[in-house]
Amino acid sequence: MAEIYDHRRLEKKWQEEWEKARLYETPDDLAGKENFYALVEYPYPSGDLHVGHWYAFSVPDIFARYKRMQGYNVLYPIGFDAFGLPAENAAIKHKIDPAKWTWENIQRMRTQLRSMGAMFDWSREAVACDSSYYKWTQWLFLKFFEKGLAYRGKALVNWDPVDMTVLANEQVLPDGTAERSGAKVEKRELEQWFIRITEYADRLLEDLGPLPWPEPIKEAQRNWIGKSDGLIFSSPVKDSDLVVETFSAHFEAFTADTFVVIAPDHPLLPQLLEGVPGASDILAAAQEMAAKRRHAGYVAEKEVEGIFTGRYTVDPVGNGELPIWIASYALADYGTGIVKCSAHDERDFVFAKKYGIPLKVTLVPEDPALRKRVEAKEVCYSDMDNGMLLEPRPFAMRKAALARNEIIAYAESKHLAKKTTTYKLHDWLVSRQRYWGAPIPVVYDPQGKAHAIPEEHLPWTLPTDIDFTPTGTAPLARSKELIDRTERTFGKGWRPETDTLDTFVDSSWYFLRYLDPKNTAEFSAIEKQKKWMPVARYSGGAEHTTMHLLYSRFFYKALYDMGLVTELEPYSSRMNRGIILAEDGRKMSKRWGNVVNPDEQVANVGADAVRTYLAFIGPYNEVGSYPWNTNGLIGVRRFLERVAGLAHRASSSESVSERLSILMNQTIKKVGEDIESMKFNTSVSALMIFANELQKMSAVPSEAYSLLIRLLAPFAPHLAEELWHSTGNEGSVHTAPWPAFNASKLEADAVTIGVQIAGKTRGSLTVSRNATEKEALLAAQGDSRLAALIPQSPRRVVYVPGKILNVVP
RNA sequence: GCCGGGAUGGCGGAAUUGGUAGACGCGCACGACUCAAAAUCGUGUUUCCAAAAGAAGUGAGAGUUCGAUUCUCUCUCCCGGCACCA
């Protein structure tokens, strides 16, 4: 086995040869070829390549290589998402410089990535922590600042008590823990830098529509943006100058409103309580309620709590004076944070029952029994789609859903309310109180006003005289070098911004840097962008659906408006890949001791076998989870050995039979089509079928063997290259053209069709592909086994040429 | 609760403008080679029945059809997104 397929020798040899020949350097233009941009998310340099990296990079490489053989000038770049917390945490733990830790990891991972035999164009590598890169991250941030899209503001933000920094909403998991550290996230009111992604909420939503992406990805983004239309009512507060605004998306039964609730942490609350007896006690209780709610898990309890404020609104739509309650379920950061409440909302209903607030029913179901219970206020009825309105007069006895638009028009014409739209999406919090990131390129004058750092001072470099220990204030604040530099550059009393940028800012534009990685005058020249953008195929992890994928779409749209890019969307196609589980079906984890080390596997069976195995493990275009199976890997290795072993049997004097010719054409078609749709598993299966067929022959026609090698080349690039040369071919197999199939030779003339009697399969029959119904029936009647089952004059015969003959007696 | 996706052998999975369900691989069984084992090669492998014949069979139930894994309806369960979101 070793003498026919020594993967260690082959893989080393060809990786060196390819590098020498600069086989994978991609020019911006290649005569007669169309450009094609295949992108994978650049990795964080964590230190060691794991199976997930192999799945993320080596499998899409099959696609990139296929496109190249198809005749495209394919860009398949790589880089490192090199800023971020792990480096800093490692630095604290091991008392080393995060830069050193990161660059050493990058060096190590470059070597490991090279062992994949992928067609990465290393000459275009982008590294986010390199000052030649983050100079442009800073420059882009300043463009946003200039346009008012980056701003400093005070807000209730997520605080990670373990990593001691704020986090964006997108980086907090649904259970209230931090995506990275796993800590329970707290809410704090802080002044931070934000990027105004909400300004683009509508465009991010609308432009999803025509995007040919998988529906689940689009739907997840829609859910995250969370647009809802509703009405805002303005209600004067009784015995006060205050006017409060309430938002409602389900306003159809607006005449049923009997009370108002306000969030316990609502900024207007102190003002509202002014002059109310016992205001300070109420406020303290509200703050306690708010604090309780900030703890993760409060939602699960579902227990509603309320405090009466002593205030009333004068309802603008004639529902009289409505008491204002502080309610634990009211959210300060959704809508206006104040809601008009009625019997037709489950939470309001429960709340009113608990505190004895009167309710009024104006929406009823058709079912009379249920209606009786609703009218008796025994149950809450909130079905706006099917319920019938009792009032107000113009809409009485009509379905609420059908009257919705008219109610909006009615409310607006009478100036009772204003149509409005709210989003769940919040502005993107980009400040981090940590060291290892791009410094926010802002300085403050002695009066505390923020100023952009002029372009000539970029990159505004990270100081190195730093104690990284997180204390909750930014480590940069403790850098004498940075403070001195700021005063030296801008004047006495000026001080630097000391937060760094969220790494998702770095990764929002990396795909543009690959196009022009060495440019010192621009972040990415527009002429270069025009050659490559938009990305033709983007593959990555599902966890980025509402993070990187959303941020970078927003970034791109903002840059479009500034004339810095030329398209509206960065990625014309996107697919989320699945994950590889351990052999035991659980996630790979050091804790379980079930981690598969790809380096060991590569040493054992070779990179080609690992790549091909990962391609074979399941459909790549679905977000599945596939357990690693070492025996499966060995099976693939066996397949490659068989292919290698066939080389001895290849003979140019052997001619291709009609039967083999058909299989060859079928294989070309199947392998190509399935790579195109990223169903690599069935491509590999087709290759196996083809190889198994050749295996049965004592002498293999060279034409067939050469075909097998070319079709295998994207999967097993080293072995294919070796076999390509050892069977006398010139040049690299990876620049050989992808074989074309002959559409007229995909099917043999003689085909086996199924024979059914009354729809039940009873046997099969070999007939001409073009046989008529009469001929097929005659053949069936001539078959000794089938004849007995077939009546002389069947009631009905269904015949689909090449597929089926169904006789209904 | 709302939205999206899914359920096929012992396992990963294949097959849908409706046309022989289980390709390919793993596992397993048997055989060849071997003193033996490993490796390799060959044969078999949905279930029931000793086998043949036959029957059942793609989460459950109904429907449309000559024919349903594929289409329709109802339900169950699993995965993912959103969620005291008014």
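Chain letters run A, B, ... following the sequence lines, proteins first, then strands; residues in each count from 1. Being a predicted model, the structure only gives us computed values, none of them experimental. Heavy-atom basis, side chains included; hydrogens, waters and symmetry copies ignored.
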For [N], give the paired nucleotide (Watson-Crick: N1-N3 plus N6-O4 or O6-N4; G-U: N1-O2 and O6-N3; both under 3.5 Å), or none.
N       : answer
rA7(B)  : rU76(B)
rC82(B) : rG1(B)
rA39(B) : none
rA56(B) : rU46(B)
rA21(B) : none
rU64(B) : none

Take atom [atom1] of [X] and atom [atom2] of [N], then tell me their distance rounded to the nearest Å.
X         : N       : atom1 : atom2 : value
Lys669(A) : rA23(B) : NZ    : C1'   : 16 Å
Asn223(A) : rG81(B) : CG    : P     : 11 Å
His544(A) : rG80(B) : NE2   : P     : 17 Å
Phe259(A) : rA86(B) : CZ    : P     : 16 Å
Phe616(A) : rA23(B) : CZ    : P     : 12 Å
Ile617(A) : rC11(B) : CD1   : C1'   : 12 Å
Met384(A) : rG1(B)  : CE    : P     : 18 Å

Is the distance from OP1 or OP2 of [N] to the nearest side-chain N or O of [X] less than 4.0 Å?
X         : N       : answer
Thr761(A) : rA21(B) : yes
Arg222(A) : rC82(B) : no
Asn629(A) : rG25(B) : no
Arg347(A) : rA86(B) : no
Arg642(A) : rC41(B) : yes
Arg762(A) : rA55(B) : yes
Tyr334(A) : rA86(B) : yes
Asn631(A) : rG27(B) : yes

Counting any heavy atom closer than 4.0 Å, what does [X] reach on the DNA or RNA strands: base, sugar-phosphate only, or nothing?
X         : value
Glu219(A) : sugar-phosphate
Arg795(A) : nothing
Ala330(A) : base
Val339(A) : base
Ser228(A) : sugar-phosphate
Phe247(A) : base
Gly585(A) : nothing
Lys760(A) : sugar-phosphate
Gly635(A) : sugar-phosphate
Asp348(A) : nothing
Pro619(A) : sugar-phosphate

Charged tip of Arg637(A) within 45° of Tyr5(A) ring normal and under 6.0 Å: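 Yes, a cation-pi geometry.
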Polar contact flag, side-chain donor to acceptor under 3.5 angstrom, Tyr551(A)-Glu170(A):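 Looking only at side-chain atoms, Glu170(A) and Tyr551(A) do form a donor-acceptor pair, the distance falling under 3.5 Å.
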Donor-acceptor contact below 3.5 Å, side chain Arg649(A) vs main chain Met697(A): yes
Shortest side-chain distance from Gln756(A), nucleotide among rC41(B), rG19(B), rC24(B): rG19(B)
Worked check of ring pair (Phe, Tyr, Trp, His ring centres under 6.0 Å) between Tyr55(A) and Tyr620(A): CA-CA 9 Å; Tyr55(A) 200 50; Tyr620(A) 199 70; 4.9 Å; yes
Parallel, tilted or perpendicular: ring planes of Tyr355(A) versus Trp325(A), cut at 30 and 60 degrees: tilted
Under 3.5 Å donor-acceptor pair, Glu622(A) side-chain atoms to rG5(B) base atoms: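 Flag unset: no donor-acceptor pair detected.
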Interatomic spacing from CZ in Phe254(A) to OG1 in Thr362(A) - rounded to 0.5 Å: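 One gets 9.0 Å once the value is rounded to the nearest 0.5 Å.
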